[in-house]
J.: 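Dropping a structure here in structure tokens format, bear with me for questions.
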Amino acid sequence: EEDVPDYDVVLPVIWWARDLGRASGLFEVFGQRPASLADALCVEARFDPFPGLVWLSVNLADAPNPPPARWRRRGHDALQLRLQFTGCRSVRVRGRLEAGGCPVDMHSSDEGIQIRLKGDRLDADFLADSGLISRMVPFRRSEDFGSLD
């Protein structure tokens, strides 16, 4: 039987990612500090109205300092989060996501996770029952990186 460390990661009480599944992995990648959503860009969004799923691809402006060793070996200096939200309701969308992405805001409330995408051509918001970080993908900022595929 493999020895597994017996500890729980204690997430900050006030943090945009606190109620997302797998948020502890993001907290650990950032050296036990909360990753910031400031200046993050949503570069892709997909919506399936039945059963109310939304997938977002978000490039963080924040990055671990220092970056993990595996990032340095590959020249990575940025992180994209692939987010999945379920039980989406109160969905309101006007416009389209611009090619360079748009700012994203997210916070938890008693009603669920509130997500807002607001750019020059897009104004969208919705409420989700739950969300999770389905993947964390390191990349080089100098590369064009946006697809959920």
Side-chain angles (χ1 to χ4, degrees), residues 9 11-149:
V9 175
L11 298 177
V13 173
I14 299 174
W15 182 35
W16 64 269
R18 179 178 178 79
D19 292 331
L20 293 178
R22 302 183 185 152
S24 61
L26 179 62
F27 191 66
E28 290 173 354
V29 165
F30 275 74
Q32 303 294 313
R33 76 164 174 87
S36 173
L37 198 58
D39 299 321
L41 292 176
C42 176
V43 293
E44 188 168 8
R46 295 184 185 173
F47 176 61
D48 182 351
F50 303 103
L53 300 173
V54 173
W55 296 270
L56 300 180
S57 192
V58 175
N59 291 351
L60 296 179
D62 192 7
N65 188 13
R70 66 186 180 278
W71 286 29
R72 290 191 303 268
R73 283 192 302 273
R74 296 181 179 136
H76 296 150
D77 61 358
L79 183 65
Q80 182 178 88
L81 300 178
R82 310 279 174 89
L83 306 172
Q84 178 181 336
F85 298 94
T86 57
C88 297
R89 58 195 187 285
S90 303
V91 177
R92 184 184 56 81
V93 178
R94 276 187 250 140
R96 308 178 65 148
L97 185 62
E98 44 265 31
C102 74
V104 59
D105 181 45
M106 187 179 324
H107 64 273
S108 295
S109 70
D110 292 339
E111 297 174 1
I113 302 169
Q114 182 72 49
I115 297 93
R116 175 128 196 222
L117 308 173
K118 178 123 175 93
D120 293 337
R121 296 186 201 155
L122 177 68
D123 187 6
D125 61 72
F126 62 93
L127 190 62
D129 289 336
S130 64
L132 68 87
I133 300 170
S134 61
R135 283 185 67 200
M136 293 188 289
V137 183
F139 69 99
R140 292 183 190 123
R141 289 189 196 280
S142 61
E143 296 176 358
D144 182 22
F145 191 75
S147 177
L148 285 164
D149 297 325

J.: Side chain of Arg140, backbone of Ala78: donor and acceptor closer than 3.5 Å?
T.: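 Pair absent, no side-chain N/O of Arg140 close to backbone of Ala78.
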
J.: Tell me whether Asp77 contacts the main-chain N or O of Arg141 through its side chain, where contact means a donor paired with an acceptor under 3.5 Å.
T.: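 Looks like yes, one N/O pair under 3.5 Å.
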
J.: For Arg121, I'd like to know if atom CZ has over 12 heavy atoms of other residues, nucleotides or ligands within 6.0 Å.
T.: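 No, because the 6.0 Å sphere around CZ of Arg121 holds 12 heavy atoms or fewer from other groups.
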
J.: Would you say Asp19 and Ser108 are linked by a side-chain donor-acceptor pair, where the criterion is simply a distance under 3.5 Å?
T.: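 There is such a pair (donor and acceptor under 3.5 Å, judged by atom type) between the side chains of Ser108 and Asp19.
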
J.: Is the shortest heavy-atom distance from the side chain of Arg116 to the side chain of Asp123 under 4.5 Å?
T.: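 Side chain of Arg116 against side chain of Asp123, heavy atoms only: contact under 4.5 Å found.
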
J.: Please report the closest heavy-atom contact between Ser134 and Leu83, naming both atoms and the distance.
T.: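 Minimum heavy-atom separation between Ser134 and Leu83: OG-N, 4.3 Å.
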
J.: Would you list the pairs meeting ring pair (Phe, Tyr, Trp, His ring centres under 6.0 Å) in which at least one residue belongs to residues 81-132, sequence neighbours left out?
T.: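 Non-adjacent pairs meeting ring pair (Phe, Tyr, Trp, His ring centres under 6.0 Å): Phe85-Phe126.
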
J.: Output the distance between atom CG (Asp129) and atom CD1 (Ile113), rounded to the nearest 0.5 Å.
T.: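 Output value for this atom pair is 9.0 Å.
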
J.: Check this for me: Glu98, atom CD, are more than 12 non-hydrogen atoms of other residues, nucleotides or ligands nearer than 6.0 Å?
T.: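 Yes - once you tally the heavy atoms of other residues, nucleotides and ligands closer than 6.0 Å, there are more than 12.
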
J.: For Arg96, does the CZ atom sit with more than 12 other heavy atoms under 6.0 Å from it, leaving out its own atoms?
T.: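 Count not over threshold, so no.
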
J.: Output every pair passing ring pair (Phe, Tyr, Trp, His ring centres under 6.0 Å) with a member in residues 20-39, not counting sequence neighbours, ordered by first then second residue.
T.: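 Counting only pairs at least two positions apart or across chains, the ring pair (Phe, Tyr, Trp, His ring centres under 6.0 Å) contacts touching residues 20-39 are Trp15-Phe27.
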
J.: Assess whether side-chain contact (heavy atoms from CB on, under 4.5 Å) is satisfied between Arg82 and Gln80, documenting all intermediate values.
T.: CA-CA 7 Å; Arg82 310 279 174 89; Gln80 182 178 88; 2.5 Å; yes

